[in-house]
**Student:** 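First the structure, then my questions, so here it is.
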Amino acid sequence: MGEINPDSVEQKVEHIPTPEEIREIIRQMAKGEYSETRRCIDDKGNLYRLDAIVVGVNKGEFLELYYIRKGVHPNGDQSAETEIHSIHTKDGSYVSAGPQASLVNGNWVL
């Protein structure tokens, strides 16, 4: 049986977005101001969930944005990818728009 050469094994370090980075992406998606409604931090001090809400132009209209980091988290949330999702709310009706931004190779794709 052959030995594994440590130099040939590619080590991939996953980028963990900073809270500032996540807030900036959400600000871009919100096209301005928003209110944070939930923030979850793991035992290492890393943000793994951030929920935000943007008041719409019309009465009863909101855009809900939520960031979730890839992995299984202490509150039971889990995700296969690091993404920001959105839900459009109008007069009590919800329309999920799915992922609006994804972290791909350490860069946000909107």
Side-chain angles (χ1 to χ4, degrees):
M1 213 174 226
E3 291 183 34
I4 296 176
N5 180 351
D7 294 330
S8 68
V9 178
E10 188 175 318
Q11 300 231 345
K12 187 174 182 179
V13 176
E14 190 166 336
H15 173 68
I16 297 176
T18 66
E20 294 78 21
E21 181 181 349
I22 297 159
R23 285 194 295 266
E24 180 56 33
I25 296 296
I26 289 176
R27 188 174 294 109
Q28 288 176 28
M29 294 172 71
K31 295 181 173 66
E33 295 302 312
Y34 64 90
S35 298
E36 286 185 21
T37 57
R38 181 176 174 194
R39 174 187 282 246
C40 299
I41 308 233
D42 64 19
D43 57 354
K44 294 179 182 174
N46 294 313
L47 185 66
Y48 66 85
R49 174 90 188 231
L50 179 77
D51 295 0
I53 192 162
V54 181
V55 177
V57 176
N58 301 314
K59 184 178 179 182
E61 186 177 54
F62 301 93
L63 177 64
E64 299 176 34
L65 298 166
Y66 60 95
Y67 157 81
I68 187 162
R69 193 179 77 224
K70 180 180 177 177
V72 178
H73 306 292
N75 69 350
D77 285 348
Q78 56 185 328
S79 180
E81 302 296 331
T82 297
E83 299 177 320
I84 298 175
H85 291 255
S86 69
I87 298 173
H88 183 258
T89 306
K90 184 173 183 180
D91 299 325
S93 296
Y94 297 91
V95 177
S96 176
Q100 299 299 302
S102 300
L103 190 64
V104 178
N105 297 323
N107 296 304
W108 285 101
V109 177
L110 300 173

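One is the number of the first residue; the rest follow in order along the sequence.
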**Student:** Please evaluate residues K44 and I16 with respect to the criterion side chain to side chain contact (heavy atoms under 4.5 Å, CB included), reporting the C-alpha separation (whole Å), side-chain torsions for both, the decisive distance (0.1 Å), and the verdict.
**Tutor:** CA-CA 11 Å; K44 294 179 182 174; I16 297 176; over 6 Å; no
**Student:** Atom CD of Q78 and atom OH of Y48: how far apart are they, to the nearest 0.5 Å?
**Tutor:**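 Atom-to-atom, Q78:CD and Y48:OH are 12.0 Å apart.
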**Student:** With heavy-atom distances below 4.5 Å as the criterion, would you say the side chains of N75 and R38 are in contact?
**Tutor:**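 Yes. Closest side-chain heavy atoms under 4.5 Å.
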**Student:** Quick one: CH2 on W108 to CD1 on I22, what's the gap to the nearest 0.5 Å?
**Tutor:**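 Result: 6.0 Å between the selected atoms.
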**Student:** If hydrophobic clusters are built from ILVMFWY residues whose side chains come within less than 4.5 Å, do L110 and V104 share one?
**Tutor:**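 Not linked; separate clusters.
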**Student:** Between E14 and T82, does the side chain to side chain contact (heavy atoms under 4.5 Å, CB included) criterion hold? Intermediate values first, please.
**Tutor:** CA-CA 10 Å; E14 190 166 336; T82 297; 4.3 Å; yes
**Student:** Just so I know, are the side chains of K70 and S79 near enough to count as touching, which here means a heavy-atom distance under 4.5 Å?
**Tutor:**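 No, their side chains stay 4.5 Å or more apart.
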**Student:** Any side-chain heavy atom of E64 within less than 4.5 Å of one from Y94?
**Tutor:**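 SC-SC contact between E64 and Y94 confirmed.
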**Student:** When you measure from the side chain of R69 to the backbone N and O of L47, does any donor-acceptor pair fall under 3.5 Å?
**Tutor:**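 Yes: the side chain of R69 pairs with the backbone of L47.
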**Student:** What's the separation between atom CG in N107 and atom NE2 in H15, rounded to the nearest 0.5 Å?
**Tutor:**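 So the CG of N107 and the NE2 of H15 are separated by 8.0 Å.
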**Student:** Same cluster for L103 and L65 if Ile/Leu/Val/Met/Phe/Trp/Tyr side chains link at under 4.5 Å?
**Tutor:**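 L103 and L65: one cluster.
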**Student:** Distance check, rounded to the nearest 0.5 Å: Q100 atom CD versus H85 atom NE2?
**Tutor:**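 Q100 atom CD to H85 atom NE2 measures 9.0 Å (nearest 0.5 Å).
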**Student:** If you look at every heavy atom in A52 and T37, which pair is closest and at what distance?
**Tutor:**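 A52 and T37 have their closest heavy atoms at N-OG1, 3.9 Å.
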**Student:** Should we count CD of E20 as having more than 12 external heavy atoms under 6.0 Å?
**Tutor:**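 Count over threshold, so yes.
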**Student:** With a 4.5 Å cut-off on side-chain heavy atoms, are F62 and V54 touching?
**Tutor:**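 Heavy-atom side-chain distance check fails, nothing below 4.5 Å.
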**Student:** Treat each ILVMFWY residue as a node, draw an edge where side-chain heavy atoms are under 4.5 Å apart, and state whether Y66 and I53 are in one component.
**Tutor:**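 Unlinked, Y66 and I53 end up in two clusters.
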**Student:** For the residue pair L50 and P19, establish whether any side-chain heavy-atom pair is separated by less than 4.5 Å.
**Tutor:**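 No, their side chains stay 4.5 Å or more apart.
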**Student:** With side chain to side chain donor-acceptor pair (under 3.5 Å) as the criterion, how do H88 and E61 come out once you've worked through the C-alpha distance, each side chain's angles and the decisive distance to 0.1 Å?
**Tutor:** CA-CA 8 Å; H88 183 258; E61 186 177 54; 3.3 Å; yes
**Student:** Let's go through I68 and H73 carefully: what are the C-alpha distance in whole Å and the side-chain angles of both, what is the deciding distance for side chain to side chain contact (heavy atoms under 4.5 Å, CB included) to 0.1 Å, and is it a yes or a no?
**Tutor:** CA-CA 10 Å; I68 187 162; H73 306 292; 4.3 Å; yes
**Student:** Side-chain heavy atoms under 4.5 angstrom apart, residues restricted to Ile, Leu, Val, Met, Phe, Trp, Tyr: same cluster for I84 and I87?
**Tutor:**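 No, it is not one cluster - the side chains of I84 and I87 are not joined through contacts under 4.5 Å.
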**Student:** How far does CZ of R23 sit from CD1 of I25, to the nearest 0.5 angstrom?
**Tutor:**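 The CD1 atom of I25 is 12.5 Å from CZ of R23, to the nearest 0.5 Å.
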